[in-house]
Amino acid sequence: MADVFGKKRSAVQRALADDPARPYYRPLAARGAEVEIDGRTVIMAGCNDYLGLSTDPRVTEAAARALRRFGASCSGSRVLNGTLTLHEELEGRLAAFVGGEAALVTTTGFQANLALAALLDEGDTVFADMSNHASLVDAVRLGSADHRRYRHSDLAHLDRLLAASDPAAGRIVVTDGLFSMEGDLCRLPGLVALARRHGARLVVDGAHDIGLLGPGGRGVVEHFGLAGEVDLITGTLSKCFGSVGGMLVGPAAVVEHLRYNARSVLFSAAMPPASAAAALAALDIVEAEPERRRRVFDHARRLLEGLRSLGYDTGDSTTPIVPVYTGDTRLCLRVWQELLDAGVFTNAVVEPAVARNRALIRVTPQAVHTDGHITRVLDAFAEVARRLGPVPAAPANERPRRPVEVPA
Ligand SMILES: Cc1ncc(COP(=O)(O)O)c(C=O)c1O
């Protein structure tokens, strides 16, 4: 008889079983530009705190004040008993910052994306980039709409799928703004043009780009000068805003529909008070200190250029998400361990986060890194190249490079 508890180990678990590297669930004893692991201090080059705000005293103080005033939890969902004045203030600020009539704040970014399922009814069709984040994939699974996947950033493929679909059906295109593992931007101008031409709605997940991209940090939409051209924007407060929480920003009527119909909002406890206050304080800093964005892009450019000159394959990234392709999972684990031994914590990204044979080391600088930190990261990669020899580039990665785009 089959036992639901008798699951086979995943490909990653099998690879890890006989490998000395332990890249996952590693407990950190302290966090910041440097972190403590097993009693050693190493450079944190593997987190999404791009602007370094999660440990900024202005953010942590705001969180501490809210914790004392409102308590540790909202003890309920937004709809019944969990909405605070802080949530409403945050929604007003985010709507104005991201650029939409209204905003809905959720407990996590994952839940913000799951909320999209409430827009995907039977008879509708959703068109999704094949490299979309898991939370968008799951939103599509939860919804009742038909589902078409287009090849990553392949606008011609999307055009064909849209052209072949029923023009009378409700149609919606969903994409990441900045792809979270490979560091490339969605081709927003083309996506906007296609959505308009085919009468489809366009949703962009700005989890990694809101706060980071565009002169004002308003994300990929501002970066491409397309304010007002994207129908609905989702995002997270766990990356550039140093907190935890999610957002949906768009037309007031759509946001109102989601407030009453999105199950990930209705049936889950609200974002904790400390997180809401931390996000508000972070938003002040995101607006007031554009030099943080310039700094993290300067670091990214140094990393991308330095790694490429060492012979590493960094794919199409033009952003502070710097992938170093190893292709092979075991090689990825080996490189990760060598980097940790050399004092640098990175992320080993393997299937299912990326396609099989597209394993990569994900390196992310932060605004709070010094130039010396970046030098040490590059030195660690140089040491790995000396010890392991050239890390092979997968043929699929042999694509023309675009220049690193630094925000004005
Ligand atoms: C592109 C993207 N969307 C959504 C999420 C989910 O955000 P959160 O961590 O706030 O749940 C993530 C986080 O990893 C992400 O990378």
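This chain uses plain numbering: 1 for the first residue, then up along the sequence. When a ligand or atom number is given, it counts from 1 through the structure's own listing order.
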Checklist entry - Short list, please: which atoms of ligand 1 are under 4.0 Å from a heavy atom of Ala207? => result 1 (C), 2 (C), 3 (N), 4 (C), 15 (C)
Checklist entry - Contact between Lys239 and ligand 1, counting heavy atoms under 4.0 Å? => result yes
Next on the checklist: So is Gly246 touching ligand 1 or not, going by heavy atoms under 4.0 Å?
Outcome noted: no
Checklist entry - How far is atom 3 (N) of ligand 1 from its nearest protein heavy atom, and which residue and atom name does that atom have? => result Asp205 OD2, 2.6 Å
Item to check | Cationic N near anionic O, under 4.0 Å, Arg376 to Asp379 | outcome: no
Checklist entry - Salt bridge check: are Glu305 and Arg308 linked by an N-O gap of less than 4.0 Å? => result no
Checklist entry - Where on Val244 is there a heavy atom closer than 4.0 Å to ligand 1, on the side chain, on the backbone, on both, or on neither? => result neither
Item to check | Which of the ligand 1 atoms, numbered from 1, are nearer than 4.0 Å to a heavy atom of Asn113 | outcome: 3 (N), 4 (C)
Next on the checklist: Can you confirm whether Arg196 sits close enough to Glu229 that some side-chain heavy atom of one is under 4.5 Å from a side-chain heavy atom of the other?
Outcome noted: yes
Checklist outcome for this item: When every non-hydrogen atom of Tyr150 is compared with those of Val173, the smallest separation belongs to OH-CG1, 4.0 Å
Next on the checklist: Please list the nearest protein heavy atom to atom 9 (O) of ligand 1 with its residue and the distance rounded to 0.1 Å.
Outcome noted: Ser238 OG, 3.5 Å
Next on the checklist: Which residue and atom name correspond to the protein heavy atom nearest atom 10 (O) of ligand 1, and how close is it?
Outcome noted: Thr236 OG1, 2.6 Å
Checklist entry - Can we say Asp56 and Arg292 salt-bridge, meaning some charged N sits less than 4.0 Å from an Asp/Glu carboxylate O? => result yes
Next on the checklist: Using a 4.0 Å cut-off to any heavy atom of Ser135, which atoms of ligand 1 qualify?
Outcome noted: 3 (N), 4 (C)
Checklist entry - Considering only the protein, which heavy-atom contact is closest to atom 5 (C) of ligand 1, and what is its distance? => result His133 CE1, 3.5 Å
Item to check | Heavy atom of the protein closest to atom 8 (P) of ligand 1 (residue, atom name, distance) | outcome: Gly109 N, 3.5 Å
Next on the checklist: Please determine whether salt bridge (charged side-chain N to carboxylate O under 4.0 Å, His left out) holds for the pair Glu291 and Arg295, giving the CA-CA distance in whole Å, both sets of side-chain angles, and the decisive distance to 0.1 Å.
Outcome noted: CA-CA 6 Å; Glu291 61 274 17; Arg295 187 153 181 74; over 6 Å; no
Item to check | Heavy atom of the protein closest to atom 16 (O) of ligand 1 (residue, atom name, distance) | outcome: His208 NE2, 2.6 Å
Checklist entry - Going by the order shown, which atoms of ligand 1 are within less than 4.0 Å of some heavy atom of Ser180? => result 16 (O)
Item to check | Arg26/Asp38 salt bridge by N-O under 4.0 Å criterion | outcome: yes
Item to check | Distance from atom 11 (O) of ligand 1 to nearest protein heavy atom, with residue and atom | outcome: Phe110 N, 2.8 Å
Checklist entry - Salt bridge between Arg149 and Asp154, side-chain N to carboxylate O under 4.0 Å? => result no
Next on the checklist: Using the rule given for side-chain hydrogen bond (donor to acceptor under 3.5 Å, both in side chains), can you reason through Arg356 versus Thr329, listing the C-alpha separation, both sets of side-chain angles and the distance that settles it, and then say yes or no?
Outcome noted: CA-CA 8 Å; Arg356 185 170 300 163; Thr329 296; over 6 Å; no
